[in-house]
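Working notes for the structure below.
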There are 4 protein chains.
Amino acid sequence: MGAVKTKRMPRAVREQQMLDAAVRTFGQRGYMAASMDEIAELAGVSKPLVYLYLNSKEDLFTACIRREAKALVDAVRAGVRRDLPADRQLWEGLGAFFTHTGENPDAWSVLHLQARTHGEPFAGEVTAMREEIVAFVTQLILAAAREARPQALGCARAARYPHDPELPEREVAGLAEALVGAAESLAAWANATPGVTPRQAAATLMNFAWAGLGDLMAGRPWAPPEEPPGPHVG
Amino acid sequence: MGAVKTKRMPRAVREQQMLDAAVRTFGQRGYMAASMDEIAELAGVSKPLVYLYLNSKEDLFTACIRREAKALVDAVRAGVRRDLPADRQLWEGLGAFFTHTGENPDAWSVLHLQARTHGEPFAGEVTAMREEIVAFVTQLILAAAREARPQALGCARAARYPHDPELPEREVAGLAEALVGAAESLAAWANATPGVTPRQAAATLMNFAWAGLGDLMAGRPWAPPEEPPGPHVG
Amino acid sequence: MGAVKTKRMPRAVREQQMLDAAVRTFGQRGYMAASMDEIAELAGVSKPLVYLYLNSKEDLFTACIRREAKALVDAVRAGVRRDLPADRQLWEGLGAFFTHTGENPDAWSVLHLQARTHGEPFAGEVTAMREEIVAFVTQLILAAAREARPQALGCARAARYPHDPELPEREVAGLAEALVGAAESLAAWANATPGVTPRQAAATLMNFAWAGLGDLMAGRPWAPPEEPPGPHVG
Amino acid sequence: MGAVKTKRMPRAVREQQMLDAAVRTFGQRGYMAASMDEIAELAGVSKPLVYLYLNSKEDLFTACIRREAKALVDAVRAGVRRDLPADRQLWEGLGAFFTHTGENPDAWSVLHLQARTHGEPFAGEVTAMREEIVAFVTQLILAAAREARPQALGCARAARYPHDPELPEREVAGLAEALVGAAESLAAWANATPGVTPRQAAATLMNFAWAGLGDLMAGRPWAPPEEPPGPHVG
DNA sequence: GATGAATGAGCTTTCATTCAT
DNA sequence: CATGAATGAAAGCTCATTCAT
């Protein structure tokens, strides 16, 4: 079991094997319950080599977080065409997100559960990634506010927030936070509920976020585009 | 440091002290990093007494989860007046939720992070509580669908889901999941962002969930009630 | 489970209950694995009371050994009629011995296994008892040497041990030791082999010891008396 | 104290050192009272190394039992020339047995006392060895019955057990049991009594077993061979 | 470059034993 | 007389980490 014991590989390759093994072990056992012995065995190398390349358990875990955070952000970025309207961008981004987390459950466990659970410096690593995503979503919300119905927004907002022509920054931050939080939660739900595809999860969340429960009740859901999110997603 | 060393307390009292110390320690250090030594010291008793009363680290952790899950559910229940319309019930529930989690961050860490991160049987304990809350939210969504605009719902929905006069069950489940997930996420955000009150967090989420981003953009937010959520919250 | 919780018993009775529980627990679990908690619970009293009466685990174990050693020696003594010839005395003694050990396996485990296994001062206690029995057997051997065939003994022995008209003391001691050891071993074997009665065990050993394998081979076994060992045994 | 601290030994060597230390410690302190700390120190290694190689206290103890059981059986086997008559084989086997147990008192304590006292799976291990020995002795008894005086055996036995031309199986089993038990007991006695050599112990037992007390009384002891049991013993 | 050998430190758990009532 | 409350001390076991080859 584990990687086939191939000797004399270049360092970069060996490191990736170790990170693979580590992500899998950390994701399944948890950070503390995972033992360096198990990781080394799964990677098909001896323990001292792990230490030589990755320094310590903390550094190894941090390396896992960084690699997987980058992979997730890259996957989402690659899934979004930036020339589309905001709601379509969000739709595509969610699709890519659910696809990636569904295909890499251990990585998602490391990012979403393990890293946040074991304090600094791990939580900070994942927070950085999360803020990137939240910033992206915030952009989309603001873009939507501008592009979608500028004049309606103009007057209606003026009535509501007379002294502040913009949506208050904190309010938007909260909205983005809520949206991302809902997405994270749905990722776990979709993984655990058999038969829920990434597309369905994305559709559910788009409905929820874009139309709102009020409009949903009134039979006015957000309309997903006819064509699939695109083969370039995942 | 720790509780004042008062000797010879009745068992029930000591047990609560131990649970207090355990929740605090588990919440801050994490389940695995927390040592029984530290918990015992914080509780002001010797380690054997902790084992005599709570049996094992696992049992102690489970007892913490159960106590705090019940406390949270009770707090939310106590904050909701069941004779109000659905959106008001949700508003009050969210207020109570954010208030309780804000006031008990260690307990919230135990429930939201630690218990979910360390597998069975802990995850199961908190899943049970979560399902209770998701069920409650599901009820509210369905109630809203019925009470709010029955006729609009009637014809408009019929157009959308011709073969199914109701919102598909899984769709509602997904919506409730997303709502609860967003709330959980906002709880952490509100705790971490200075100056965000439980009320504000609840308002943000109500807007997000009830009006939807689309309506928000159009300047049609959900309107929170004039009077505060009431002194009976928390 | 355990003794019925009857309050206010005279000390002597309570002590016997405790010793009963202790013998059973020590016999089944072993000295070290037996916990004072278990003994106290089985005796139906609280732990401090055990300490009040018996002082310590060591003292409790010693008390068990003494009581059961005395009980065993008394049983053997009661089973032997001292006016009979030596071989009949041995036969009766063995019968009483196998009967008692068969009926009190926990006590026998305490004496034969536990006490010897856990060093001083316990081994010493049981050694004292054992020496008493060995001395008794030694007497029987010497008596047999005198009574059975005095003249044959006289000349034949003189030829063999010319400078010592008696069987050398150490030789007799070794014989007694061997006989007692064989008896102890057969006690465990008889307990473990279904269908072996105390009588049969005693007969086997009498044959072995009295006639010797050589005579047995020649078809000249020792003849057990017709009448049963008697109801006065045990 | 303990072994000289030599670093970096091959695993097989270290394991034997550990077993040496364990046998000594278990033999002197008893299984439960022996601590892994003490064993490790006596072996001149750290505790984790003991666990790395021997897994657990139970496994370590089992390994001791197995090694010493094999050593004892091997010693007895090596001491017996299978081409001699039965009584001579027994005589040589007893000599080897008393020699080995006398030279390895801790090993004998482990096998005879500790292993039997602490239940399964330890008792089973030593029972297996014991059965091997009992079977060997049983063979010798039957062989003696056949070879020694066939015709005397023939008619005399027929008179005693008319319906069964053989000594009943259970009777022989009991005799072997008694003989082995006597030997075990004499081993402890010989160890504890200064000045008793293995040869003397063996002679005492041969007399007891082969001639029987009856013949001994009559001045007809079993005659040990003139030449010593042979330099190939131990 | 790669590894078998080795350990310091710390964890959970248990037990005999004793106060204070 | 009897006990619920409480603990010091130690045991088995595991792990991240490092030499020496």
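What you see is a predicted model; the values in this text were computed from it and never measured. Residue numbers start from 1 in every chain, and the chains themselves are labelled A, B, ... in the order their sequence lines are given, proteins ahead of strands.
The backbone N or O of D:M129 lies less than 3.5 Å from no partner atom in the side chain of D:K70, so there is not a single donor-acceptor pair.
If you take OG on A:S46 and OH on A:Y51, they are separated by 11.5 Å, rounding to the nearest 0.5 Å.
For A:K47, the side-chain hydrogen bond (donor to acceptor under 3.5 Å, both in side chains) partners are A:D37, not counting sequence neighbours. Residues satisfying the side-chain hydrogen bond (donor to acceptor under 3.5 Å, both in side chains) criterion with A:T117, sequence neighbours excluded, are B:T117. The salt bridge (charged side-chain N to carboxylate O under 4.0 Å, His left out) search around B:D106 returns none, not counting sequence neighbours. Judged as a salt bridge (charged side-chain N to carboxylate O under 4.0 Å, His left out), and not counting sequence neighbours, the contacts of B:R130 are B:E177, B:E184. In terms of the side-chain hydrogen bond (donor to acceptor under 3.5 Å, both in side chains) criterion, C:E58 has no residue partners (sequence neighbours excluded). For A:D59, the salt bridge (charged side-chain N to carboxylate O under 4.0 Å, His left out) test picks out no residue, with sequence neighbours left out. In this structure, the ring pair (Phe, Tyr, Trp, His ring centres under 6.0 Å) partners of B:H118, at least two apart in sequence or on a different chain, are A:H118, B:Y31.
One can place CZ of C:R29 at 14 Å from P of E:dT14, the figure rounded to the nearest angstrom. Going from atom CD of C:E41 over to atom P of F:dG4 covers 12 Å, rounded to whole Å. Atom CG in C:L60 sits roughly 15 Å away from atom C1' in E:dC15 (whole-Å rounding). Separating the CE atom of B:M9 from the P atom of F:dA6 is a distance of 8 Å, rounded to the nearest angstrom. Rounded to an integer number of Å, the gap from A:F61 CZ to F:dA16 C1' is 16 Å. In this structure, CG of B:L54 is placed 13 Å from P of E:dT14, rounded to the nearest angstrom.
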So what's the dot-bracket for DNA chain F: Watson-Crick or G-U pairs under 3.5 Å, [ ] if a pair crosses, | if it pairs off-strand?
.||||||||||||||||||||
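Listed pair D:R14 / E:dG4 fails the phosphate criterion, with no side-chain N or O lying under 4.0 Å from OP1 or OP2. Under 4.0 angstrom from either OP1 or OP2 of E:dA6 there lies at least one side-chain N or O belonging to D:Y53.
A residue-by-residue look at C:L49 and B:S46 shows that C:L49 has its nearest nucleotide of DNA chain F further toward the 5' end.
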Just by protein heavy atoms under 4.0 Å, how would nucleotides 16-21 of chain E read 5' to 3' in B, S and -?
SBBBS-
